[in-house]
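Here the structure is laid out as structure tokens; the discussion comes afterwards.
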Amino acid sequence: MIEKDAKSARKEINQTIDQIEAQMPQSTDDSDLNDALRINVAFKAIQILGQILKNHPGSIRGAVKMEIAEECYFLGLRALRALFNVIEPHRDELVEIMSQQLEQLGEKQVEQKKKAKKFVSMLIEGIALSFIKKISCSLGTEALGQTYKELVIKHDRLAVRLIDLSVKLDHFKRFPSDEIDNLIEEACTGKKFFATLILKHLIFDHFYRYTTDRTIKQRYCEKLDIELRAVNLLEYNRITT
């Protein structure tokens, strides 16, 4: 039975490679479009490979599981970097467009630029969060806990650990206090502001979507400067609607 599952897994992997290669964008003069197509293909590849891992956690050899998991993590991070490279040259243009929209809505001139910059920053944060969530949703299962533990040890990078945290927050039974404490120490104390914002979003999202012990919520809301009242209100609305 195990050998049959292993053969089935290998067949799925080979089919996945064929699908990915078939969807790879052909050369085009529009580099932004090309990047967008590559990102779309990357997402599909992560989804398919993640499904293979989750379907065959016991029949794929450890080294192969690690290789697939690594490829999914870093493919997602490369796709995020590619999208940021598309957005960054146009950041000032986005701020200007938002300023004009706010002006039409009657916003005071002194506030227009400030609010427009905040909106663009929130947009970038949302994109990063959605990429992390896409990876963790595609790969998330506690059955692969050992593989992900080894991956973090092998690639002890902040971005990898944020993905790992997202996997554990959404798919593991145990609340990952140790992992969060370590990330707070590195990101917050080390003044890595963007990573800190993503960490706060991940924690806030977990508290909103899952029932969590009040002492845990209070502890991490205080540590990350998250408004506990807002978390409780959103959780109440989720439960009652």
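All values below were derived from every heavy atom in this structure, side-chain atoms included, with hydrogens, water molecules and symmetry-related copies excluded.
With values rounded to the nearest 0.5 angstrom, I46 atom CD1 is found 5.0 Å from I135 atom CD1. How far OG1 of T141 is from CG of L53: 9.5 Å, rounded to the nearest 0.5 Å.
The side chain to side chain donor-acceptor pair (under 3.5 Å) test applied to H201 returns E125, not counting sequence neighbours. Remark: D92 engages no residue in a side chain to side chain donor-acceptor pair (under 3.5 Å) (not counting sequence neighbours). Evaluation of the side chain to side chain donor-acceptor pair (under 3.5 Å) rule for K217 yields N232, E235 as partners, not counting sequence neighbours. Not counting sequence neighbours, the partners of D156 by the salt bridge (Lys or Arg N to Asp or Glu O under 4.0 Å) test are R161. Residues passing the side chain to side chain donor-acceptor pair (under 3.5 Å) test with K149: none are found, sequence neighbours excluded. By the ring-ring contact (aromatic ring centres under 6.0 Å, His included) test, Y208 pairs with no residue at all, sequence neighbours left out. Considering only residues two or more places apart in sequence or on other chains, E142 meets the salt bridge (Lys or Arg N to Asp or Glu O under 4.0 Å) condition with none of them. Taking the ring-ring contact (aromatic ring centres under 6.0 Å, His included) definition, one finds that F207 meets it with nothing, sequence neighbours left out.
Here Y220 and F175 bring their ring centres to under 6.0 angstrom of each other.
Connection of M122 to F204 is not established within any shared hydrophobic cluster, with ILVMFWY side chains joined at heavy-atom distances below 4.5 Å, either directly or through further cluster members.
Sequence neighbours left out, the pairs with a member in residues 168-178 that pass salt bridge (Lys or Arg N to Asp or Glu O under 4.0 Å) are K133-D170, D164-K168, K168-E179, D170-R209, R174-E179. For residues 147-172, the ring-ring contact (aromatic ring centres under 6.0 Å, His included) pairs, not counting sequence neighbours, are F74-H155. Among pairs with a residue in residues 74-87, those fulfilling salt bridge (Lys or Arg N to Asp or Glu O under 4.0 Å) read E71-R78, at least two apart in sequence or across chains.
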For a quick test of your reading: what N or O donor-acceptor pairs under 3.5 Å do the side chains of residues 114-121 make, sequence neighbours left out?
unit_1 : atom_1 : unit_2 : atom_2 : d
K115   : NZ     : E107   : OE1    : 3.2
K115   : NZ     : E107   : OE2    : 3.3
S121   : OG     : R91    : NH2    : 3.4
S121   : OG     : K117   : O      : 3.0

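In terms of modelled atom types and a separation under 3.5 Å, the side chain of T212 and the main chain of Y210 share a donor-acceptor contact. A donor-acceptor pair under 3.5 Å is formed between the side chain of K65 and the backbone N or O of P57. Distance alone, capped at 3.5 Å, places no donor-acceptor pair between the S138 side chain and the G50 backbone.
Side-chain contact of Q51 with N55: a donor-acceptor pair under 3.5 Å is present, judged by distance alone. Residues E150 and Q146 have side chains that bring a donor and an acceptor to within less than 3.5 angstrom of each other.
Closest approach of I132 to L162, counting heavy atoms only: CG2-O, 4.2 Å. Taking each heavy atom of D181 and R219 in turn, the nearest pair found is OD2-NH2, 2.9 Å. Minimum heavy-atom separation, L80 to F131: N-CE2, 3.4 Å.
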